[in-house]
Structure formats: structure tokens, C-alpha cells
Amino acid sequence: MHPLALVPLALLLWRFKTDQLTANPIQFITHWTGNAALRLLLLSLAVTPVKRLAALPALNPLRKRLGLWGFFYASLHLTIFIGLDYFFDWQLLWEELSQKRYVLVGFTAWLLMVPLAVTSTRGWQKRLGRRWTLLHRSVYAVTPLAVIHFVWLVKSDYREPALYGIVVALLLLLRIKKIAARVPGLSRIPGLS
Amino acid sequence: MKPLSHADVTPAKLYRSRRSFLKTAGNGLLAAALSPALRLKAASAEPPVDTLTPYKDITHYNNFYEFSTDKVRVARLAKNFRTDPWSVEVTGLVDKPGTYDVAAMVAQFKPEERIYRLRCVEAWSMVIPWTGFPISRLLEAVAPTSQARYLKFVTLMDKRQFPGQKNSWYRWPYVEGLRLDEAMHDLAIIATGIYGKDLLPQNGAPIRLVVPWKYGFKSIKSVVKIELVQEQPTSLWMAAAPREYGFYANVNPSVSHPRWSQSSERRIGEFRRRRTLLFNGYDEEVAQLYEGLDLRANF
């Protein structure tokens, strides 16, 4: 259905088959799934501006699908962290969560995504009405948190996560009405979501 | 814990292959999720055994930023690195400074096998059979003066051979330092080989430092200069992130690093994490070096 979103998983399986998960496979698959989650979330965030700029309303459903796939990879990422990396060692996990700020923001980002994934159906959208829109705005917090999670994880050279940060910042700035109004094509429909 | 001998470690050939290891890992995850009883059993770990890390992992999973920040790419990029001729300048506050050819060093200081645990600050570890000689032998030969308090080690600077040195984020060349008494400790060696073979470039050929009770980044690679100095040298990592990397960098599970857990580690090739040991398990040997020193402030 969304074969492209399965590419990261397929590549991972191929690397597993061909013994290319490095000498530290658990860390490798943790980083791999985290990366996939971040990229899909960014793509999801890019749908609305791209749709407006390119005047392609048909892109609209992609936003939800990409978001859900981002959540899928983030959940895989978290499961690997808890189940493989720390093997359900709750004492160590608690230590990590309470001492490592990157764990805390990463986990927070995932928690914020849970209600969004649960209420992503049309039924929930109807049931919640206007509150649904408000609730789903929290995705604007999730993506920066995911980038901060990455920044706090790298050793010293921040340039790669900074690149993600710039993209997120741009995508979020375009959602500010005053800014969107100055970008030709973006403000066609009032009230960007 | 005593330095390891061959009698203490499991030979590498008994190692499971990576793929069967991961399959076990997958099954383990399933079983652990299904059975709380099993989880309890898994938690009561037997005393940790040290197993030699396979040569392939030691030579293909390398932190060597002069080549690449990607541990997997280092081996390939290091393939054509020239290690011959190579000489090491020993200079500074010494009575008998000198420039040593690597072959001459080996002939004079008689390397022996030393099996050490290596704990990376990124929370992974290996067990490596080094060939090396105690730095004390070299120091005796060059005779430090009474003013000498520290050793400053410097890696080769060569942007053509070390593409990573074009990365201006770091202050090249790589520099590391030891206190003179740390360097005089018998466990601190200058290594020239692994598994009885000459060091490969990705492991710091032709000559490198190995200080097993400190995080791996202290064990500077491809050394061209050793200088005896009075003031504490500033290492590359101290300059890059002073709040995260101190001069001592002793392995210490109770001094947390903002990015990685220092209370546990993954031994390369193993599924379960192990608890990290104070001074990487060499506390009996080295703790006296730090008596009266606040290890939290001097991390």
C-alpha cells in the first residue's frame, strides 16, 4: 500500500541477510530505525507546504500516512531500545530515562505521538471535532523534540542533526500565518494546518 | 581484577557467528516478552567471562576520526595508509631525547602479549590481545628530567592520508596526555600489534598507546611524537567538548556522561549488556594512582 515507507525496513532486512549490521548490530538497528522515524516525520510535515506550493491537493492523505509510518518506526526504535539493547532491565532503563536528557526527550516525543496515532482514524476525527485539530497540533512539538533527541546524542559534530533542525524550523515557520502570507502560493487557503 | 591471560579468556573460534547471535537475540526477545519467569532467570547473570573479541570485529569497527567518523568505513579508508618509514620523536623535558624508528623501538623495548579489555566511551567494549611494551621502558631510556610531569602524545598530521583531518570541526592533530606516574604504570603500554600480527592502520599502525583503565579515546593512535611537559596537555576531546571529556577519562560507572550510559556497556559480540567496572576492572592495579583525587571533579 505504501511500499516506499517500507524501504528502510527492507534495507535493514537485506543488511541482516548479508551480515552488514556492523560489529555492534543492536546499536546499528537502533540508529537505523530512529533515522527512518525522523525522516518520515519530516516528510509528513512537508506535505502541507508542498501541497500548497505545488497546488496538488491530492497529496493530502500522505500527511497522515507518513505520520503513521513515522510512528511505526519510532515504536520499533523504542522497542529495540527497551527489549534488545537493555533487555527489559528496568533498573538500567530508569537510570537512562532519569539521567540522560536525550532519552527523556526521545521518549516524550514518542509519548506525544501515541494519542495522535490512536485518534488518526476518521471516526475519532469526527468524534473529537475541533479538539481533534488542536490535539494534532502537538505534532509540531514532536518533530523538534526528535531533532533535539538526535542533537543530544551525537558526539560533538552537530552538523548532521543541525541540518534536520533547519528543515524542521523552516517547515514550522511556514505554518506561521504572517510568514506564510509572504510566500506566494502558500497562503492560498487561509489557516494553515 | 588481574590483567587477563590466555587462560582467562575464551578463544575467538568458540564465538558464535553474528547471524546466529542475532537470531538468538530475536528469540530471546520473544521469550523474555512471553515469560516473566524467564526474565527473572536471565537477570541473575553469571559472573562475566571475558572472551577475546574476533579479529574481524577489532579490525572493522573502529573509532578513528582521522579516516572517518563512521566506524565501519575506517578499515576501507585506511587500506593504503603508509606506515613505513615511520619514526617517533621523543622530546621535551628529557635528558636523552631521540627519534626512534619503529623497528628499532621493537628491538630495544621487547613487546610482549597483553590481553586487555577496551571500553569505549560510547558504551561498547572489546577484549584485545595486544602486542606491546610498557611505556616505562621507553621513559627509562629517555630519562625525564625532574620538571617533567606529563606526557603529551601527538598523532601524525597528514590531510592527504587522513581525509578526516579536513574536517575543521576538530582541532587536529589528535593529542592525548597522561600524568607521568600513569605512564609509568606497568599496564600502560605502547602497542605495535594485535593477535600477534602487526597493527593494521585502522587500529593505529604502526604504533599507538593503550591505557586499559581509561576510555578508549585516551589510547591515541599512529603516534609520531611523545613530549615530556610540565603542564597538563589539552587533548583533542577536551578542546572539542570540555564539559564531557576531562583529562583523566578513567572508566567510571558512577560518573555519568550526558550521552552514553557509563554504568553499563555492550561487549562486542554479546547480546546482553554488562555492568561497567570501575577503572574497567583494573581498580586493584591502578586505584592507588588516584588516592585523594576527586574522581567526579577530575573525570
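Throughout, a chain's letter reflects where its sequence line sits, starting with A, and its residues are numbered from 1.
Rounding to the nearest 0.5 Å places CH2 of B:W169 at 6.5 Å from CZ of A:R159. A distance of 15.0 Å separates CH2 in B:W124 from CD1 in A:I26, rounded to the nearest 0.5 Å. Remark: B:S264 OG to A:E96 CD distance equals 6.0 Å, nearest 0.5 Å. The distance from atom CZ of B:R267 to atom CG of A:N24, rounded to the nearest 0.5 Å, is 12.5 Å. Considering CZ of B:R272 and OH of A:Y86, their distance stands at 12.5 Å, rounded to 0.5 Å.
For B:F217, no part lies under 4.5 angstrom from a heavy atom of chain A. Looking at A:Q20, there are no atoms closer than 4.5 Å to chain B (heavy atoms on both sides), in backbone or side chain. Residue B:D70: no heavy atom, backbone or side chain, is found under 4.5 Å from chain A. Residue A:E160: no heavy atom, backbone or side chain, is found under 4.5 Å from chain B. For A:Y158, the parts sitting under 4.5 Å from any heavy atom of chain B are the backbone and the side chain alike.
The number of heavy-atom neighbours closer than 6.0 Å to CZ of B:R73, taken from other residues, nucleotides and ligands shown, is 12 or below. In the displayed structure, B:R274 atom CZ is contacted under 6.0 Å by more than 12 heavy atoms of other residues, nucleotides or ligands. Annotation for A:K100: atom NZ counts as buried by contact number, over 12 foreign heavy atoms lying within 6.0 Å. Atom CD of B:Q232 has more than 12 heavy atoms from other residues, nucleotides or ligands within 6.0 Å.
Within the structure, the salt bridge (Lys or Arg N to Asp or Glu O under 4.0 Å) test picks out the following pairs touching residues 118-129 of chain B (sequence neighbours left out): A:K155-B:E122, B:K71-B:E122, B:R119-B:E265.
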**Stepwise side chain to side chain contact (heavy atoms under 4.5 Å, CB included) check, B:F271 with A:L84** = CA-CA 8 Å; B:F271 172 46; A:L84 284 182; 3.5 Å; yes
**Asked** Could you walk me through whether B:S256 and A:E95 pass the side chain to side chain contact (heavy atoms under 4.5 Å, CB included) check?
**Response** CA-CA 10 Å; B:S256 172; A:E95 230 173 76; over 6 Å; no
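With contacts defined as side-chain heavy-atom distances shorter than 4.5 Å, the pair B:S263/A:Q99 does not qualify.
Using a 4.5 Å heavy-atom cut-off against chain A, the contacting residues of residues 239-254 of chain B are B:A240, B:E244, B:Y245.
Judged by distance alone, with hydrogens and angles left aside, the side-chain atoms of B:R273 form a donor-acceptor pair with the main-chain N or O of A:D85 at under 3.5 Å.
A search for side-chain hydrogen bond (donor to acceptor under 3.5 Å, both in side chains) contacts involving B:R275 returns A:D89, not counting sequence neighbours.
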Would you list the atom pairs, donor with acceptor, under 3.5 Å between side chains in residues 104-120 of chain A and any protein atom, with sequence neighbours excluded?
{"residue": "A:T108", "atom": "OG1", "partner": "A:L104", "partner atom": "O", "Å": "2.6"}
{"residue": "A:W110", "atom": "NE1", "partner": "A:S75", "partner atom": "OG", "Å": "3.1"}
{"residue": "A:T119", "atom": "OG1", "partner": "A:P115", "partner atom": "O", "Å": "2.8"}
{"residue": "A:T119", "atom": "OG1", "partner": "A:H136", "partner atom": "NE2", "Å": "2.8"}
{"residue": "A:S120", "atom": "OG", "partner": "A:A117", "partner atom": "O", "Å": "2.8"}

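Nearest approach of A:A23 to B:I268, heavy atoms of both residues: O-CG2, 3.4 Å.
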